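Nothing here was measured: the structure is a model prediction, and the numbers come from that model.
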Amino acid sequence: MPNATPNPRLLLIKLGAIGDVIMAVPAAYTMHRAGYRIDWVCGHAVAPILQLYPWIDVIAVDETKLLHSGKLASLRALLSLWRTLAGRRYDLCATLYYDSRYKLLALPVRARRKLILSHTNRATRLLPGRHHTDEYARILAGRPNGEIDGESPTQLPPVPVPGLPPNPLPRTSNKPRIVLVPAAARNLLRDDALRRWPIENYVELARLLLARGCEVILAGGPEDAWASAAFSALPITDQIARLSLLETLALLNSAAVTVTHDTGPLHMAGITGTAIVTIFGPTDPRGRLPQRANTVALWGGEGFACRPCYDGRDYAPCLNNGCIQQITPTMALGEVETLLTALRENRPLLPRIRTPKHTQVGGFVSLEKVRP
């Protein structure tokens, strides 16, 4: 009896950040369902999440040594990765970066086809206005335009993460649990403060939620510890810098609603069961909001000629992110209450992007005033 044809193999190279990796998981899952075996080179920081998916074989590297250490330490980390990859054969090796230097990571890999993102080649460029998840899937499948039989009428949802650890904060009351992630927007490369909703807005939102009988919990990593002091006068539960990555996922999964801005925890929340309210300004939610039920983005700055200013690599030299500041705590509270009502009624809401009315009206009114 002849041997069965082996499954095709895909090697993904995407080290981080957490949100970018999570947005690529549905594309990898699509390839897995098409019969591919998936190997994924990722950073140590995000590896625990990918290891929860049984169909992904994780090759974890120390991204700090690889990218942010001296030449000798970086070379050692690179050689270690090369030894792991040497001799492996793949049908597709996809390096999901625009920076051509990342091609070095796959240098010893033998593959029928290798690709890296390109700003000049439509087939391997994340097209503006489209969701990153769908774009990764299009690129991996080798479809220049993304069409299947003329169109792609549905978007890929996040892939729910299996096998979460126990909830680190078991429920002790029937109060709606709301998790706030007030800091974040920081990774190994930089601190993206422009996309962070002001900390004082999170504090005011916490006050409003407490007044309505909600349980309020703060979440975040060790680098977010600076945010805790702002909430010291409120009867909230502060779990910033106290949980592991997987424990944070379990906490998010226990929440009725999670509120954050455009950051890694937004996408972590997307692969759990929590409803989501997220605040956007300089980045475009059309490419980032998790496409599943009970997610809503509030996008400030309608009418701003400069919004969105993020081009995939850099922001405008902005000293005041007025776009995101136009989202008020009261607006965020209204979306939380809408989601809580829908959850009580077992009535899932479609993912949606909302622009505050006062942003639109204010812009039009000011234009009318200057007309002669």
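More than 12 heavy atoms of other shown residues, nucleotides or ligands fall within 6.0 angstrom of atom CZ in Arg9. Within 6.0 Å of the CZ atom in Arg347, the count of heavy atoms belonging to other residues, nucleotides or ligands exceeds 12. Atom CG of Asp99 has more than 12 heavy atoms from other residues, nucleotides or ligands within 6.0 Å. The 12-atom threshold is not exceeded at CZ of Arg89, counting heavy atoms of other residues, nucleotides or ligands nearer than 6.0 Å. Within 6.0 Å of NZ on Lys103 lie no more than 12 heavy atoms contributed by other residues, nucleotides or ligands. In this structure, Arg212 places its CZ atom where more than 12 heavy-atom neighbours from other residues, nucleotides or ligands lie under 6.0 Å away.
Under 3.5 Å, the side chains of Arg171 and Ser254 contain no donor-acceptor pair of N or O atoms. Defined by atom type and a distance below 3.5 Å, a donor-acceptor pair is missing between the side-chain atoms of Arg33 and Thr30.
The shortest non-hydrogen separation linking Thr133 to Pro26 is CG2-CB, 3.5 Å. The heavy-atom pair separating Leu234 from Leu210 by the smallest distance is CB-CD1, 4.2 Å. Contact between Trp197 and Ile327 at its shortest, heavy atoms only, is NE1-O, 2.9 Å. The minimum heavy-atom distance linking Leu252 with Pro265 is given by the pair CD1-O, 4.1 Å. Residues Thr95 and Ala106 approach most closely at OG1-CB, 4.4 Å, considering heavy atoms. Heavy-atom minimum distance, Pro351 versus Leu289: CB-CD2, 4.4 Å.
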Margin query: Between Val61 and Leu78, is the side-chain contact (heavy atoms from CB on, under 4.5 Å) condition met? List the steps.
Written below: CA-CA 9 Å; Val61 300; Leu78 182 61; over 6 Å; no
Next item on the list: List the steps, then state whether side-chain contact (heavy atoms from CB on, under 4.5 Å) holds for Arg177 with Thr274.
Entry: CA-CA 10 Å; Arg177 173 173 284 186; Thr274 181; over 6 Å; no
Notebook entry, point to check: Which is it for Leu11 and Val41 under the side-chain contact (heavy atoms from CB on, under 4.5 Å) test, yes or no, and what are the steps along the way?
Noted result: CA-CA 8 Å; Leu11 176 65; Val41 177; 3.9 Å; yes
Next item on the list: Go through Asp91 and Leu10 one step at a time and tell me if the side-chain contact (heavy atoms from CB on, under 4.5 Å) criterion holds.
Entry: CA-CA 6 Å; Asp91 294 88; Leu10 165 63; over 6 Å; no
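Looking at heavy atoms from C-beta onward, Ile59 lies in side-chain contact with Arg88 at the 4.5 angstrom threshold. Contact check for Ile49 versus Val25: no side-chain heavy atoms found under the 4.5 Å cut-off. Side-chain contact between Leu67 and Leu15 is present, with heavy atoms from C-beta onward closer than 4.5 Å. Within the 4.5 Å cutoff, the side chain of Leu140 has heavy atoms near those of the Leu12 side chain. Counting heavy atoms from C-beta outward, Tyr53 and Val159 have side chains that approach closer than 4.5 Å. Counting heavy atoms from C-beta outward, Leu349 and Thr338 have side chains that approach closer than 4.5 Å. For the pair Leu96/Val21, no side-chain contact is recorded, criterion being any heavy-atom separation below 4.5 Å from C-beta on. Side-chain atoms of Asp284 and Pro128, non-hydrogen and from C-beta on, never get closer than 4.5 Å to each other.
Below 30°, between 30° and 60°, or above 60°: for Tyr136 and His132 the angle between ring planes is above 60°, a perpendicular geometry. Ring geometry for Tyr29 against Trp55 counts as tilted: the plane angle lies between 30° and 60°, on a 0 to 90° scale.
Here the side chain of Thr355 pairs no donor or acceptor atom with the backbone of Glu302 at under 3.5 angstrom. Panel note: side chain Trp40, backbone Ala47; no donor-acceptor pair is recorded below 3.5 Å. Using modelled atom types, one side-chain atom of Arg292 and one backbone atom of Gly270 make a donor-acceptor pair closer than 3.5 Å. Listed for the Thr341 side chain is a donor-acceptor partner under 3.5 Å among the backbone atoms of Glu337. The backbone N or O of Lys65 lies less than 3.5 Å from a partner atom in the side chain of Asp62, making a donor-acceptor pair. With Thr260 contributing its side chain and Val181 its backbone, the two residues share a donor-acceptor pair below 3.5 Å. Although no hydrogens or angles enter the test, the distance criterion places no donor-acceptor pair under 3.5 Å between the side chain of Asn201 and the main chain of Thr328. Side-chain N or O atoms of Asn294 include none that pairs as donor or acceptor with a backbone N or O of Pro348 at under 3.5 Å. In terms of modelled atom types and a separation under 3.5 Å, the side chain of Glu63 and the main chain of Cys42 share no donor-acceptor contact. In this structure, the side chain of His32 does not engage the main chain of Ala27 through any donor-acceptor pair within 3.5 Å.
Atom CG of Leu266 is separated from atom OG1 of Thr278 by 4.5 Å, given to the nearest 0.5 angstrom. Put simply, OG1 on Thr172 and CD on Glu215 are 6.0 Å apart, with the number rounded to the nearest 0.5 Å.
By the rule that hydrophobic residues join a cluster once side-chain heavy atoms approach within less than 4.5 Å of another member, Leu245 and Ile56 end up as members of one cluster. Placement of Ile199 and Ile236 within a single hydrophobic cluster is found when ILVMFWY residues are connected by side-chain heavy-atom separations under 4.5 Å, directly or transitively.
The only option from Leu339, Ile353, Ile276 that meets the side chain to side chain contact (heavy atoms under 4.5 Å, CB included) definition with Val296 turns out to be Leu339.
At a threshold of 4.0 Å, the pair Glu135-Arg125 does not count as salt-bridged, since none of the basic side-chain nitrogens sits closer than that to a carboxylate oxygen.
Applying the side chain to side chain donor-acceptor pair (under 3.5 Å) test to Gln291 and every residue at least two apart in sequence or in another chain returns nothing. Contacts of Arg110 classified as side chain to side chain donor-acceptor pair (under 3.5 Å), with partners at least two apart in sequence or in another chain: none.
The cationic atom of Arg307 (NZ for Lys, CZ for Arg) lies less than 6.0 Å from the six-membered ring centre of Trp299 and within 45° of the ring axis.
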